[in-house]
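These numbers come from the heavy atoms of this one structure, side chains and all, not from hydrogens, waters or symmetry mates. Quick note on labels: first sequence line is chain A, next is B, and so on, each numbered from 1. Model, not experiment: these values are computed from the prediction.
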Amino acid sequence: MSTSFQNIKGTFDILPDPHTDDGGTRTAASAEWRHVEATVRDVMRRHNFEEIRTPVLEPTELVARGVGASTDIVQKEMFAFERSDTQYVLRPEITAPVVRSFLQHHLDQRGGVQKLFYIGPCFRAEQPQKGRYRQFHQFGIEVLGADQPRADAETIAVLMAVCDALGLSDLRLRLNTLGTPECREEYVGALQDFLEPYADELSETSRRRLERNPLRILDTKKAHEQEILRDAPTLIDFVNEKSRTHYDTVKGLLDDLGVEYVEDPHLVRGLDYYTETTFELEHPGLGAQSALAGGGRYDRLAEVLGSDAPVPAVGFAAGMERLFLALDAADVELADTPTPDVFIAALGEEAERWGFRTAQALRAEGLHVAHDLMGRSLKAQMKEANRQNAPYTMIIGGNELEAEAATVKEMESGAQEEVPFDGLIEYLTRTAETA
RNA sequence: GUGGGUGUAGCUCAGUCGGUUAGAGCGCUAGGUUGUGGUCCUAGAGGCCGUGGGUUCAAAUCCCACCACUCACCCCA
(Lines give C-alpha, C1' and ligand atoms only; values in the text may rest on other atoms or scores of the structure.)
Protein backbone atom coordinates (compact mmCIF):
# COMPACT_ATOMS: atom_id res chain seq x y z
CA MET A 1 0.00 0.00 0.00
CA SER A 2 1.24 3.44 -0.79
CA THR A 3 0.26 6.96 -1.59
CA SER A 4 1.90 9.83 -3.35
CA PHE A 5 0.73 12.15 -0.58
CA GLN A 6 2.61 12.99 2.53
CA ASN A 7 2.11 15.28 5.48
CA ILE A 8 2.89 18.97 5.01
CA LYS A 9 6.48 19.95 5.79
CA GLY A 10 6.89 20.88 9.42
CA THR A 11 3.89 18.85 10.55
CA PHE A 12 3.81 15.31 11.86
CA ASP A 13 1.40 12.47 12.55
CA ILE A 14 0.89 11.17 16.05
CA LEU A 15 0.47 7.42 15.65
CA PRO A 16 -0.55 4.56 17.98
CA ASP A 17 3.14 3.60 18.14
CA PRO A 18 6.10 5.94 18.55
CA HIS A 19 8.22 6.52 15.47
CA THR A 20 11.45 8.29 14.58
CA ASP A 21 12.04 10.64 11.68
CA ASP A 22 15.07 10.69 9.38
CA GLY A 23 16.89 12.98 11.76
CA GLY A 24 16.47 10.46 14.56
CA THR A 25 13.97 12.57 16.45
CA ARG A 26 11.38 10.48 18.21
CA THR A 27 7.70 11.28 17.81
CA ALA A 28 5.74 10.11 20.80
CA ALA A 29 2.80 7.74 20.51
CA SER A 30 -0.74 9.00 20.95
CA ALA A 31 -0.94 7.36 24.39
CA GLU A 32 2.10 9.36 25.49
CA TRP A 33 0.47 12.56 24.31
CA ARG A 34 -2.64 11.64 26.27
CA HIS A 35 -0.52 11.04 29.33
CA VAL A 36 1.16 14.42 29.11
CA GLU A 37 -2.15 16.14 28.45
CA ALA A 38 -3.78 14.37 31.38
CA THR A 39 -0.88 15.39 33.61
CA VAL A 40 -1.25 19.00 32.52
CA ARG A 41 -4.98 18.89 33.25
CA ASP A 42 -4.43 17.38 36.65
CA VAL A 43 -1.88 20.01 37.65
CA MET A 44 -4.23 22.73 36.37
CA ARG A 45 -7.11 21.32 38.39
CA ARG A 46 -5.00 21.24 41.54
CA HIS A 47 -4.01 24.86 40.99
CA ASN A 48 -7.59 25.91 40.32
CA PHE A 49 -7.19 26.79 36.67
CA GLU A 50 -10.09 26.47 34.23
CA GLU A 51 -9.78 25.43 30.61
CA ILE A 52 -10.42 27.79 27.73
CA ARG A 53 -10.55 26.71 24.08
CA THR A 54 -10.33 29.33 21.39
CA PRO A 55 -10.42 28.92 17.59
CA VAL A 56 -7.33 28.00 15.65
CA LEU A 57 -8.33 30.71 13.19
CA GLU A 58 -8.13 34.32 14.33
CA PRO A 59 -8.25 37.75 12.68
CA THR A 60 -4.79 38.60 11.36
CA GLU A 61 -5.01 42.02 12.97
CA LEU A 62 -5.35 40.46 16.43
CA VAL A 63 -1.99 38.76 16.02
CA ALA A 64 -0.35 41.75 14.37
CA ARG A 65 -1.39 44.03 17.22
CA GLY A 66 -1.15 41.54 20.05
CA VAL A 67 2.13 39.89 19.26
CA GLY A 68 3.71 42.99 17.80
CA ALA A 69 4.29 44.16 14.27
CA SER A 70 8.07 44.19 14.66
CA THR A 71 8.32 40.55 15.73
CA ASP A 72 9.58 37.78 13.46
CA ILE A 73 6.29 35.99 13.99
CA VAL A 74 4.30 38.75 12.38
CA GLN A 75 6.88 39.78 9.82
CA LYS A 76 7.60 36.42 8.27
CA GLU A 77 6.07 33.47 10.11
CA MET A 78 2.33 33.84 9.82
CA PHE A 79 0.10 31.43 7.95
CA ALA A 80 -2.26 34.15 6.85
CA PHE A 81 -4.78 34.34 4.03
CA GLU A 82 -7.70 36.37 2.82
CA ARG A 83 -11.15 35.16 1.97
CA SER A 84 -14.03 37.44 1.02
CA ASP A 85 -12.39 40.52 2.47
CA THR A 86 -11.63 38.89 5.82
CA GLN A 87 -8.02 38.44 6.90
CA TYR A 88 -7.44 35.12 8.64
CA VAL A 89 -4.41 33.78 10.41
CA LEU A 90 -3.63 30.40 11.92
CA ARG A 91 -2.77 31.42 15.47
CA PRO A 92 0.99 31.49 16.11
CA GLU A 93 0.48 31.56 19.88
CA ILE A 94 -2.48 31.55 22.24
CA THR A 95 -2.02 34.46 24.63
CA ALA A 96 -3.49 37.12 22.35
CA PRO A 97 -6.49 34.92 21.49
CA VAL A 98 -7.18 34.23 25.18
CA VAL A 99 -7.03 37.92 26.04
CA ARG A 100 -9.28 38.63 23.04
CA SER A 101 -11.78 36.08 24.35
CA PHE A 102 -11.51 37.42 27.90
CA LEU A 103 -12.34 40.93 26.69
CA GLN A 104 -14.99 39.88 24.18
CA HIS A 105 -16.95 37.81 26.70
CA HIS A 106 -16.37 40.18 29.64
CA LEU A 107 -14.95 37.35 31.69
CA ASP A 108 -13.93 39.84 34.34
CA GLN A 109 -17.65 39.98 35.17
CA ARG A 110 -17.41 36.42 36.46
CA GLY A 111 -15.71 38.13 39.37
CA GLY A 112 -12.22 37.99 40.76
CA VAL A 113 -9.12 36.84 38.95
CA GLN A 114 -9.56 34.61 35.89
CA LYS A 115 -7.13 31.69 35.96
CA LEU A 116 -7.27 30.04 32.55
CA PHE A 117 -5.29 27.28 30.87
CA TYR A 118 -5.21 25.98 27.31
CA ILE A 119 -3.78 23.11 25.26
CA GLY A 120 -3.73 23.21 21.51
CA PRO A 121 -1.93 23.53 18.18
CA CYS A 122 -0.21 26.67 16.94
CA PHE A 123 1.26 27.48 13.54
CA ARG A 124 4.33 29.31 12.38
CA ALA A 125 5.79 29.28 8.89
CA GLU A 126 9.38 28.77 9.99
CA GLN A 127 12.06 26.52 8.61
CA PRO A 128 11.47 23.30 10.56
CA GLN A 129 14.18 21.61 12.55
CA LYS A 130 14.55 19.51 15.67
CA GLY A 131 12.04 20.65 18.28
CA ARG A 132 10.59 23.21 15.93
CA TYR A 133 7.62 22.63 13.71
CA ARG A 134 5.17 24.57 11.59
CA GLN A 135 2.31 23.01 13.45
CA PHE A 136 3.31 22.60 17.06
CA HIS A 137 1.47 22.25 20.32
CA GLN A 138 1.45 24.50 23.32
CA PHE A 139 -0.14 24.43 26.69
CA GLY A 140 -0.09 27.41 28.96
CA ILE A 141 -1.89 29.56 31.44
CA GLU A 142 -3.05 33.14 31.66
CA VAL A 143 -3.79 34.79 35.00
CA LEU A 144 -5.96 37.76 34.14
CA GLY A 145 -6.76 40.62 36.48
CA ALA A 146 -4.05 40.07 39.07
CA ASP A 147 -1.23 42.55 39.59
CA GLN A 148 0.15 40.92 42.73
CA PRO A 149 3.61 39.35 42.61
CA ARG A 150 2.00 36.18 43.87
CA ALA A 151 0.35 35.81 40.48
CA ASP A 152 3.79 35.85 38.82
CA ALA A 153 5.16 33.36 41.31
CA GLU A 154 2.16 31.07 41.00
CA THR A 155 2.47 31.12 37.22
CA ILE A 156 6.03 29.90 37.49
CA ALA A 157 5.04 27.40 40.18
CA VAL A 158 2.40 25.85 37.92
CA LEU A 159 4.96 25.42 35.16
CA MET A 160 7.39 23.77 37.54
CA ALA A 161 4.63 21.57 38.93
CA VAL A 162 3.84 20.23 35.46
CA CYS A 163 7.50 19.40 34.86
CA ASP A 164 7.72 17.79 38.27
CA ALA A 165 4.59 15.71 37.69
CA LEU A 166 6.08 14.50 34.40
CA GLY A 167 9.32 13.51 36.09
CA LEU A 168 11.52 16.12 34.44
CA SER A 169 14.66 17.30 36.16
CA ASP A 170 17.84 19.19 35.22
CA LEU A 171 15.82 22.24 34.35
CA ARG A 172 17.08 25.78 34.43
CA LEU A 173 14.76 28.67 35.09
CA ARG A 174 16.03 32.05 33.93
CA LEU A 175 14.44 35.13 35.40
CA ASN A 176 14.51 38.84 34.63
CA THR A 177 12.41 41.94 34.81
CA LEU A 178 11.69 44.24 31.91
CA GLY A 179 10.07 46.95 34.03
CA THR A 180 7.49 49.21 32.48
CA PRO A 181 7.50 50.17 28.80
CA GLU A 182 8.50 53.69 29.87
CA CYS A 183 11.67 52.74 31.69
CA ARG A 184 12.41 50.16 29.05
CA GLU A 185 12.32 52.92 26.46
CA GLU A 186 14.76 54.93 28.51
CA TYR A 187 17.03 51.92 28.74
CA VAL A 188 16.82 51.22 25.04
CA GLY A 189 18.08 54.75 24.41
CA ALA A 190 20.99 54.21 26.75
CA LEU A 191 21.80 50.87 25.16
CA GLN A 192 21.78 52.41 21.70
CA ASP A 193 24.10 55.17 22.86
CA PHE A 194 26.42 52.58 24.31
CA LEU A 195 26.47 50.31 21.27
CA GLU A 196 26.67 53.01 18.64
CA PRO A 197 30.48 53.29 18.84
CA TYR A 198 30.77 49.52 18.37
CA ALA A 199 28.49 49.40 15.35
CA ASP A 200 31.30 48.36 13.03
CA GLU A 201 32.09 45.34 15.18
CA LEU A 202 28.52 44.08 15.30
CA SER A 203 27.09 41.47 13.00
CA GLU A 204 24.78 42.52 10.24
CA THR A 205 21.66 41.38 12.07
CA SER A 206 22.72 43.09 15.26
CA ARG A 207 23.34 46.32 13.38
CA ARG A 208 19.87 46.12 11.96
CA ARG A 209 18.47 45.52 15.44
CA LEU A 210 20.33 48.50 16.78
CA GLU A 211 17.74 50.66 15.08
CA ARG A 212 14.67 48.49 15.21
CA ASN A 213 14.87 46.33 18.32
CA PRO A 214 18.06 46.91 20.32
CA LEU A 215 16.92 44.74 23.26
CA ARG A 216 17.23 41.67 21.11
CA ILE A 217 20.97 42.24 20.73
CA LEU A 218 21.26 41.24 24.36
CA ASP A 219 20.59 37.58 23.69
CA THR A 220 23.19 37.29 20.94
CA LYS A 221 25.13 34.07 20.87
CA LYS A 222 28.21 35.57 19.24
CA ALA A 223 31.12 35.61 21.65
CA HIS A 224 32.63 38.91 20.59
CA GLU A 225 29.26 40.61 20.88
CA GLN A 226 28.75 39.19 24.33
CA GLU A 227 32.15 40.58 25.17
CA ILE A 228 31.10 44.06 24.11
CA LEU A 229 27.88 43.73 26.09
CA ARG A 230 29.70 42.97 29.30
CA ASP A 231 30.10 46.66 30.05
CA ALA A 232 26.76 47.69 28.64
CA PRO A 233 24.21 49.36 30.87
CA THR A 234 21.81 46.87 32.43
CA LEU A 235 18.09 47.08 32.38
CA ILE A 236 17.70 46.67 36.10
CA ASP A 237 19.38 50.03 36.70
CA PHE A 238 16.65 51.74 34.70
CA VAL A 239 13.76 49.92 36.32
CA ASN A 240 11.72 52.12 38.63
CA GLU A 241 11.21 51.57 42.32
CA LYS A 242 7.80 49.94 41.98
CA SER A 243 8.91 47.46 39.33
CA ARG A 244 11.98 46.61 41.31
CA THR A 245 9.95 45.94 44.43
CA HIS A 246 7.61 43.78 42.40
CA TYR A 247 10.53 41.79 41.02
CA ASP A 248 12.14 41.38 44.43
CA THR A 249 8.87 40.13 45.86
CA VAL A 250 8.49 37.58 43.07
CA LYS A 251 11.99 36.29 43.79
CA GLY A 252 11.20 36.10 47.50
CA LEU A 253 8.04 34.11 46.82
CA LEU A 254 9.95 31.69 44.58
CA ASP A 255 12.49 31.27 47.36
CA ASP A 256 9.63 30.46 49.73
CA LEU A 257 8.42 27.77 47.35
CA GLY A 258 11.90 26.35 46.92
CA VAL A 259 11.86 27.12 43.19
CA GLU A 260 15.40 27.54 41.94
CA TYR A 261 16.19 30.17 39.33
CA VAL A 262 19.06 32.12 37.89
CA GLU A 263 18.78 35.81 37.22
CA ASP A 264 19.69 36.73 33.69
CA PRO A 265 19.71 40.45 32.95
CA HIS A 266 20.07 39.64 29.26
CA LEU A 267 16.86 37.66 29.07
CA VAL A 268 14.56 39.55 26.75
CA ARG A 269 11.68 37.69 25.29
CA GLY A 270 10.85 38.06 21.66
CA LEU A 271 7.25 39.10 21.91
CA ASP A 272 6.37 42.76 22.29
CA TYR A 273 3.72 42.34 24.94
CA TYR A 274 5.93 41.43 27.87
CA THR A 275 6.41 43.80 30.82
CA GLU A 276 7.89 43.38 34.29
CA THR A 277 8.66 39.78 35.18
CA THR A 278 9.90 37.59 32.35
CA PHE A 279 11.21 34.03 32.46
CA GLU A 280 12.28 31.10 30.37
CA LEU A 281 12.64 27.43 31.24
CA GLU A 282 15.46 25.51 29.59
CA HIS A 283 16.63 21.94 29.44
CA PRO A 284 20.24 21.31 28.42
CA GLY A 285 21.05 18.85 25.70
CA LEU A 286 18.03 19.37 23.49
CA GLY A 287 20.05 20.75 20.62
CA ALA A 288 19.35 24.20 19.37
CA GLN A 289 15.85 24.41 20.78
CA SER A 290 16.52 24.27 24.49
CA ALA A 291 13.63 26.48 25.62
CA LEU A 292 10.80 24.37 26.97
CA ALA A 293 8.64 27.26 28.02
CA GLY A 294 8.62 30.99 28.35
CA GLY A 295 6.41 33.61 29.82
CA GLY A 296 6.00 36.63 31.96
CA ARG A 297 3.80 39.56 32.76
CA TYR A 298 1.99 41.50 30.07
CA ASP A 299 0.07 44.27 31.79
CA ARG A 300 -0.46 46.35 28.64
CA LEU A 301 -1.72 43.75 26.22
CA ALA A 302 -5.42 44.20 26.98
CA GLU A 303 -5.19 47.88 26.17
CA VAL A 304 -3.27 47.17 23.00
CA LEU A 305 -6.23 45.00 22.01
CA GLY A 306 -8.64 47.82 22.64
CA SER A 307 -9.66 47.46 26.27
CA ASP A 308 -10.64 50.75 27.88
CA ALA A 309 -9.39 49.48 31.23
CA PRO A 310 -6.00 47.92 31.94
CA VAL A 311 -5.92 44.20 32.73
CA PRO A 312 -2.82 43.19 34.67
CA ALA A 313 -1.90 39.70 33.54
CA VAL A 314 0.80 37.06 33.65
CA GLY A 315 1.19 33.67 31.98
CA PHE A 316 3.43 31.13 30.32
CA ALA A 317 3.43 28.99 27.20
CA ALA A 318 5.16 25.63 27.00
CA GLY A 319 6.05 23.66 23.89
CA MET A 320 4.79 20.09 24.04
CA GLU A 321 7.26 18.84 21.41
CA ARG A 322 10.11 20.34 23.44
CA LEU A 323 8.74 18.63 26.51
CA PHE A 324 8.82 15.27 24.75
CA LEU A 325 12.39 15.98 23.67
CA ALA A 326 13.34 16.60 27.29
CA LEU A 327 11.45 13.53 28.48
CA ASP A 328 13.23 11.49 25.85
CA ALA A 329 16.63 12.87 26.82
CA ALA A 330 15.90 12.03 30.45
CA ASP A 331 14.68 8.52 29.52
CA VAL A 332 11.37 9.12 31.24
CA GLU A 333 8.95 6.28 30.48
CA LEU A 334 5.41 7.35 29.79
CA ALA A 335 2.13 5.47 29.93
CA ASP A 336 1.66 2.15 28.13
CA THR A 337 -0.92 1.80 25.45
CA PRO A 338 -4.15 0.28 26.72
CA THR A 339 -4.66 -3.44 26.15
CA PRO A 340 -7.91 -5.39 25.86
CA ASP A 341 -9.39 -7.11 28.89
CA VAL A 342 -10.47 -10.01 26.71
CA PHE A 343 -10.15 -11.18 23.11
CA ILE A 344 -13.04 -13.13 21.63
CA ALA A 345 -11.93 -15.81 19.19
CA ALA A 346 -14.80 -17.35 17.25
CA LEU A 347 -14.97 -20.35 14.91
CA GLY A 348 -17.63 -20.54 12.30
CA GLU A 349 -20.42 -18.24 11.28
CA GLU A 350 -22.79 -18.98 14.13
CA ALA A 351 -20.06 -18.54 16.72
CA GLU A 352 -18.96 -15.29 15.09
CA ARG A 353 -22.46 -13.91 15.44
CA TRP A 354 -22.64 -15.03 19.05
CA GLY A 355 -19.24 -13.50 19.70
CA PHE A 356 -20.23 -10.25 18.09
CA ARG A 357 -23.32 -9.96 20.30
CA THR A 358 -21.34 -10.93 23.37
CA ALA A 359 -18.62 -8.39 22.60
CA GLN A 360 -21.20 -5.63 22.57
CA ALA A 361 -22.75 -6.87 25.82
CA LEU A 362 -19.37 -6.94 27.55
CA ARG A 363 -18.47 -3.52 26.20
CA ALA A 364 -21.72 -2.18 27.61
CA GLU A 365 -20.41 -3.35 30.97
CA GLY A 366 -17.32 -1.23 30.45
CA LEU A 367 -14.91 -3.97 29.40
CA HIS A 368 -12.28 -3.46 26.73
CA VAL A 369 -13.10 -6.20 24.23
CA ALA A 370 -11.20 -7.13 21.06
CA HIS A 371 -12.20 -9.57 18.33
CA ASP A 372 -11.43 -10.65 14.81
CA LEU A 373 -12.98 -8.91 11.81
CA MET A 374 -11.26 -10.88 9.06
CA GLY A 375 -12.76 -14.34 9.46
CA ARG A 376 -9.38 -15.81 10.26
CA SER A 377 -8.41 -19.22 11.58
CA LEU A 378 -8.43 -19.89 15.31
CA LYS A 379 -4.66 -19.98 15.26
CA ALA A 380 -4.51 -16.58 13.63
CA GLN A 381 -6.99 -15.23 16.13
CA MET A 382 -4.93 -16.57 19.02
CA LYS A 383 -1.86 -14.90 17.55
CA GLU A 384 -3.76 -11.66 17.32
CA ALA A 385 -4.91 -11.97 20.94
CA ASN A 386 -1.32 -12.51 21.94
CA ARG A 387 -0.06 -9.58 19.94
CA GLN A 388 -2.62 -7.33 21.56
CA ASN A 389 -1.54 -8.55 25.00
CA ALA A 390 -5.03 -9.60 26.00
CA PRO A 391 -4.78 -11.36 29.39
CA TYR A 392 -7.78 -13.58 28.51
CA THR A 393 -9.05 -15.09 25.30
CA MET A 394 -12.59 -16.38 25.05
CA ILE A 395 -12.86 -19.23 22.56
CA ILE A 396 -16.25 -19.98 21.10
CA GLY A 397 -17.01 -22.70 18.57
CA GLY A 398 -19.59 -25.41 17.93
CA ASN A 399 -18.81 -27.25 21.16
CA GLU A 400 -19.20 -24.14 23.26
CA LEU A 401 -22.45 -23.13 21.60
CA GLU A 402 -23.85 -26.58 22.27
CA ALA A 403 -22.70 -26.61 25.89
CA GLU A 404 -23.68 -22.98 26.35
CA ALA A 405 -20.36 -22.41 28.04
CA ALA A 406 -17.38 -20.49 26.63
CA THR A 407 -13.80 -21.62 26.89
CA VAL A 408 -11.86 -18.86 28.62
CA LYS A 409 -8.08 -19.11 28.38
CA GLU A 410 -5.76 -17.29 30.71
CA MET A 411 -2.99 -16.42 28.29
CA GLU A 412 0.01 -16.22 30.52
CA SER A 413 -0.46 -19.60 32.20
CA GLY A 414 -2.32 -21.21 29.32
CA ALA A 415 -4.97 -22.52 31.72
CA GLN A 416 -8.48 -22.90 30.30
CA GLU A 417 -11.82 -22.83 32.03
CA GLU A 418 -15.40 -23.48 30.94
CA VAL A 419 -17.59 -20.55 31.84
CA PRO A 420 -21.38 -20.82 31.35
CA PHE A 421 -22.78 -18.13 29.11
CA ASP A 422 -24.93 -16.62 31.85
CA GLY A 423 -21.94 -16.20 34.13
CA LEU A 424 -19.60 -14.62 31.55
CA ILE A 425 -20.17 -10.98 32.39
CA GLU A 426 -19.60 -11.55 36.08
CA TYR A 427 -16.55 -13.75 35.45
CA LEU A 428 -14.84 -11.34 33.05
CA THR A 429 -15.72 -8.25 35.03
CA ARG A 430 -14.09 -9.85 38.05
CA THR A 431 -10.94 -10.91 36.21
CA ALA A 432 -10.63 -7.49 34.56
CA GLU A 433 -10.77 -5.82 37.94
CA THR A 434 -8.05 -7.96 39.45
CA ALA A 435 -5.80 -7.60 36.41
C1' G B 1 16.30 32.96 2.93
C1' U B 2 21.55 30.56 3.68
C1' G B 3 24.83 26.31 4.72
C1' G B 4 25.88 20.90 5.97
C1' G B 5 24.00 15.74 5.93
C1' U B 6 20.84 11.78 4.03
C1' G B 7 17.53 9.20 0.27
C1' U B 8 17.74 0.73 -1.30
C1' A B 9 11.25 -3.66 1.39
C1' G B 10 6.48 -1.45 6.57
C1' C B 11 11.15 -0.65 10.11
C1' U B 12 16.72 -0.92 10.89
C1' C B 13 20.32 -1.41 7.42
C1' A B 14 23.92 -4.38 3.92
C1' G B 15 25.17 -4.18 -1.25
C1' U B 16 28.80 1.09 -4.71
C1' C B 17 37.01 -1.09 -8.28
C1' G B 18 29.73 -0.52 -12.92
C1' G B 19 28.48 -6.97 -14.62
C1' U B 20 23.16 -12.22 -14.44
C1' U B 21 16.58 -12.84 -11.56
C1' A B 22 18.79 -6.46 -5.63
C1' G B 23 19.85 -8.98 -0.09
C1' A B 24 19.63 -9.69 5.58
C1' G B 25 17.31 -9.12 10.34
C1' C B 26 12.79 -7.61 12.43
C1' G B 27 7.65 -7.05 11.12
C1' C B 28 3.47 -8.94 8.03
C1' U B 29 0.58 -13.39 5.74
C1' A B 30 0.09 -18.66 5.53
C1' G B 31 1.47 -23.71 6.72
C1' G B 32 3.72 -27.30 10.21
C1' U B 33 -1.32 -28.51 14.63
C1' U B 34 -8.92 -31.01 10.13
C1' G B 35 -10.42 -25.93 17.26
C1' U B 36 -5.38 -22.99 20.59
C1' G B 37 -1.01 -17.74 20.99
C1' G B 38 4.12 -16.78 22.89
C1' U B 39 9.52 -20.57 21.27
C1' C B 40 10.92 -23.25 16.87
C1' C B 41 10.82 -24.77 11.50
C1' U B 42 9.11 -23.87 6.39
C1' A B 43 7.05 -20.99 2.60
C1' G B 44 5.03 -16.44 0.71
C1' A B 45 3.84 -11.36 -0.11
C1' G B 46 6.24 -6.79 -0.26
C1' G B 47 11.36 -2.64 -3.93
C1' C B 48 10.41 1.67 -11.32
C1' C B 49 17.34 1.23 -5.42
C1' G B 50 13.87 9.58 -4.26
C1' U B 51 12.82 11.73 -9.60
C1' G B 52 14.62 13.09 -14.40
C1' G B 53 18.58 13.28 -17.70
C1' G B 54 23.70 11.87 -19.17
C1' U B 55 28.12 8.41 -19.83
C1' U B 56 28.38 3.02 -21.10
C1' C B 57 27.52 -3.10 -24.44
C1' A B 58 25.78 -2.79 -19.24
C1' A B 59 24.08 1.96 -13.76
C1' A B 60 21.31 0.96 -6.99
C1' U B 61 26.71 1.78 -8.09
C1' C B 62 29.89 7.03 -12.15
C1' C B 63 28.36 12.44 -13.70
C1' C B 64 24.62 16.52 -13.72
C1' A B 65 20.09 18.64 -12.32
C1' C B 66 15.84 18.56 -9.48
C1' C B 67 12.82 16.90 -5.39
C1' A B 68 12.05 15.21 -0.52
C1' C B 69 13.63 14.58 4.32
C1' U B 70 16.91 16.19 8.11
C1' C B 71 20.37 19.22 11.17
C1' A B 72 22.03 24.14 11.84
C1' C B 73 22.04 29.74 11.28
C1' C B 74 17.94 33.53 12.34
C1' C B 75 14.03 33.41 15.86
C1' C B 76 11.03 31.09 19.10
C1' A B 77 7.50 26.92 22.43
J.: How does protein reach along nucleotides 27-37 of chain B, written 5' to 3' as B (base within reach of a heavy atom under 4.0 Å), S (only sugar-phosphate), or - (no contact)?
T.: -SSS-B--BBB
J.: Quiz question: going by heavy-atom distance under 3.5 Å, is there a donor-acceptor pair between the base of B:rC74 and the side chain of A:Arg132?
T.: yes
J.: Please determine whether any donor N or O and acceptor N or O are separated by less than 3.5 Å between the side chain of A:Glu126 and the base of B:rA77.
T.: yes
J.: Measuring to OP1 and OP2 of B:rU70, would you say a side-chain N or O of A:Lys130 lies under 4.0 angstrom away?
T.: no
J.: Side-chain N or O of A:Gln129 less than 4.0 angstrom from OP1 or OP2 on B:rC73?
T.: yes
J.: Closer than 3.5 angstrom, by distance alone: can the side chain of A:Arg134 be matched with the main-chain N or O of A:Glu126 as a donor-acceptor pair?
T.: yes
J.: Pick one: which of A:Arg322, A:Glu37, A:Glu321 meets side chain to side chain donor-acceptor pair (under 3.5 Å) with A:His137?
T.: A:Glu321
J.: Aromatic ring centroids of A:Phe12 and A:Tyr133 under 6.0 Å?
T.: yes
J.: Under 4.0 Å between any heavy atoms, over every strand shown, what does A:Gly131 touch: base, sugar-phosphate, or nothing? Just pick one.
T.: base
J.: A:Thr25 near the nucleic acid: base, sugar-phosphate alone, or nothing, with a heavy-atom cut-off under 4.0 Å?
T.: sugar-phosphate
J.: Return the 5'-most residue of the pair A:Glu93, A:Thr11 with respect to RNA chain B, ranking by each residue's nearest nucleotide.
T.: A:Thr11
J.: Looking at every strand, decide which applies to A:Ala317 at a 4.0 Å heavy-atom threshold: base, sugar-phosphate, or nothing.
T.: sugar-phosphate
J.: Remember a base hit wins even if backbone is also touched, and classify A:Gln127 as base, sugar-phosphate or nothing at under 4.0 Å, heavy atoms.
T.: base
J.: Can you check the A:Asp72 CG to B:rC74 C1' distance for me, whole Å?
T.: 7 Å
J.: Looking at A:Ala346, is its backbone amide N or carbonyl O close enough to the side chain of A:Gln381 to form a donor-acceptor pair, meaning the two atoms are under 3.5 Å apart?
T.: yes
J.: Under 4.0 Å, heavy atoms only, any strand: does A:Leu292 hit a base, just the sugar-phosphate, or nothing?
T.: sugar-phosphate
J.: Look through every strand shown and name the nucleotide pairing with B:rG50 as Watson-Crick or G-U wobble, where both distances are under 3.5 Å.
T.: B:rC66
